[in-house]
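Since the structure comes first, as structure tokens, the remarks are kept for the end.
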2 protein chains.
Amino acid sequence: MTTTIKDVALASGVSIKTVSRVLNNERYVGPSTREKVLRAVAELNFRPNHAARSLAGRRSFQVALVCDNPSPAYVYAMQQGIRDRCEADGVRVLAQPYDRGSPRLLADLDALIATSGPDGVILTPPLSDNEAVLALLAARGIRFARVSPGTRPGLAPSTFIDNVAAARELTTHLIARGHRRIAHIAGSSDYATSAQRVAGYKAAHDAAGIEIDPGFVVSGRYDFASGAEAADLLLSRAEPPTAIFAGSDEMAAGALMVAHRRGLAIPGDVAIAGFGDDALASYVWPPLTTMRQPVRELAWNAADLLLGDAEADEQRELAHALVVRAST
Amino acid sequence: MTTTIKDVALASGVSIKTVSRVLNNERYVGPSTREKVLRAVAELNFRPNHAARSLAGRRSFQVALVCDNPSPAYVYAMQQGIRDRCEADGVRVLAQPYDRGSPRLLADLDALIATSGPDGVILTPPLSDNEAVLALLAARGIRFARVSPGTRPGLAPSTFIDNVAAARELTTHLIARGHRRIAHIAGSSDYATSAQRVAGYKAAHDAAGIEIDPGFVVSGRYDFASGAEAADLLLSRAEPPTAIFAGSDEMAAGALMVAHRRGLAIPGDVAIAGFGDDALASYVWPPLTTMRQPVRELAWNAADLLLGDAEADEQRELAHALVVRAST
DNA sequence: CTGAAAGCGCTTACAG
DNA sequence: CTGAAAGCGCTTACAG
């Protein structure tokens, strides 16, 4: 029926152990032997059974993406970046969604580890700073990489952008455009990135010697609806902001919607900027000024840290880039 | 180290075979025996090893989503729907992206089957009508379900909406709004849904006795950029349409962008409608009138057809719904 | 450089 | 209703 390593061994006149060596690129295989085996593999169109390799070996050839994020675009880009890197090594990606609010979070993750024993786990915000999750992975001895962590930088390899600098640059852009009353819609408080972006927003004001209206920093949950709510609040003020910098493109799109509903001209009456440069940023009207965050690359590198031979605590900072469009 | 079925057998004083019976809900296990085993399972927090089950059994406990679609929102919703259903059965979802234009498409799929032997495959457009893919699955004896197929309806279980009726209703809505010059941006030609939606668009005109301008049906590729290009073409005509019905929300968003750039009022100068009711439809300005396509439910049902005991050729038609918003 | 044996943790026949 | 044996298709020690 299905061709196995035995068939290849038979066809090439060697033992299955030698076939295994060739398949796994081990050393100490004679060049002619290797060639014979490879020819048989090609002729029989042999593909090693994944379950058997996992069971017999110590590796599962699987990496799990553990994330709980409100943005499908973010999650999908993460998946793609991780797959891009894992495919090269013949590693599968397990991508179940998790719910950080669920009492089952830890049990679900523990079940995943017990049943599938992933070779590595990639954590994205806010789970990359979730102490219970970190403790569980440590207890189970599972390697992991973190995307955009906020706490304990040396704990594990991680990838990130400089969120403080990025938010500072974006805010500075708004100040350069002449704005003095700039509001900020922050993301969920359990995301380290939220506080980092608030810090950058404040740093830009400090540098320019501009005082921030105490009511101008409001919090959202990184999604469209919360961006709309927050913008409604801001624009209802007696002295509304002339610019709104949202901590995500989805929230910025929500703010944009509210501005349109109120009949405001953008950027004439209110300028709006986002963060991320999701596809959405280019799809709305006017297109959003935003800060490009290379999600797919953050993911690719996180997978690379797991699969390659990176230092145990290697940190990779990727470049961000201001993208100025018509909304500011 | 890790607790195995042997530990459970030892702790409950039965053979591993009996533990296996309990785990798999087989009949002929004494109630007291079952209880003893379940208690040991709970106490030891035992979770069966996935690789071992796959290898020993005839099932892989995995379902593969095989799709090649330009919309991350669509793909992600598909994943979610399939996971929702599979999770209940402890089945994993394999979701690699495929490229229908790639010469490696069949080899990649064949490799997936050889290495992972999925219990079932879910095909989405345009691959649900790809003859080479269908032939491969048949040759390998893999069960599959199709989402929105266009050809050979009885070949396999499938889920879909009535695209012809849906497009007809949407077009009729535009006619009811007083439009007589309605253009249509069709999706990629290898999607059965594209032709179905064109047919519905035409049927509505026929029913109303309105003749369609020959240049009013243009084709896109279901994505934002192609929608923008097509709209540019349409709005450049000497006698432009007063309404544009795009075969997807992304294309409608592209058309919206072009209309804004040209300084047109929406829907005053040109009405724009989409198809799908993606999140995007509510995020753009003005919010899009569109036809709701329950992607997640289509996916859930496709998985249900695979995992449940559905007839070999069961067809499930799900409901669509017109969503009227400010763009028309 | 190569191979025979044992075993990964389960399930499938086959007995009783 | 329950169990002892064999085996799924690989890899890990261990020899040579």
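Convention: sequence-line order gives letters A, B, ...; per-chain numbering from 1. Just so it is clear, the values below take in all heavy atoms, side chains as well, and ignore hydrogens, waters and symmetry mates. Bear in mind that the values here come from a model prediction, so they are computed numbers and not experimental data.
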Those residues that, when tested against [X], pass side chain to side chain contact (heavy atoms under 4.5 Å, CB included) (two or more places apart):
X: A/C86; answer: A/V63, A/I82, A/V91, A/V93, A/A303, A/L307
X: A/N49; answer: A/A51, A/A52, B/L55
X: B/P126; answer: B/R100, B/D190, B/Y191
X: B/A132; answer: B/L106, B/N130

Its dot-bracket string being built from Watson-Crick and G-U pairs below 3.5 Å, with | for another strand and [ ] for crossing, DNA chain D has the pattern |||.||||||||.|||
B/R92 to B/F61 six-membered ring, cation-pi geometry met (6.0 Å, 45°): no
Contacts of B/S71 that satisfy side-chain hydrogen bond (donor to acceptor under 3.5 Å, both in side chains) - sequence neighbours left out: none
Tell me whether the side-chain N/O atoms of A/S15 come closer than 4.0 Å to OP1 or OP2 in C/dT2. no
Among the candidates D/dG9, C/dG9, D/dG3, find the nucleotide nearest to the side-chain atoms of A/T4. D/dG9
Select one nucleotide: of C/dC10, C/dG9, C/dT2, the one nearest the side-chain heavy atoms of B/L55. C/dG9
Quick one: [X] [atom1] to [N] [atom2], roughly how many Å, whole number?
X: A/K6; N: C/dA4; atom1: NZ; atom2: P; answer: 13 Å
X: A/L44; N: D/dG9; atom1: CG; atom2: P; answer: 15 Å
X: A/F46; N: D/dG9; atom1: CZ; atom2: P; answer: 10 Å

Tell me what A/T33 touches on the nucleic acid: a base, only sugar-phosphate, or nothing, going by heavy atoms under 4.0 Å. sugar-phosphate
Heavy atoms under 4.0 Å is the rule here; annotate nucleotides 11-16 of chain D 5' to 3' with B where the base is hit, S where only the sugar-phosphate is, and - elsewhere. BBB---
Listing request: all side-chain hydrogen bond (donor to acceptor under 3.5 Å, both in side chains) pairs with a residue in residues 26-38 of chain A, at least two apart in sequence or in separate chains. A/E35-A/R39
Holding to ring pair (Phe, Tyr, Trp, His ring centres under 6.0 Å), I want the full list of residues that pass it with B/F144, two or more places apart in sequence or in another chain. none
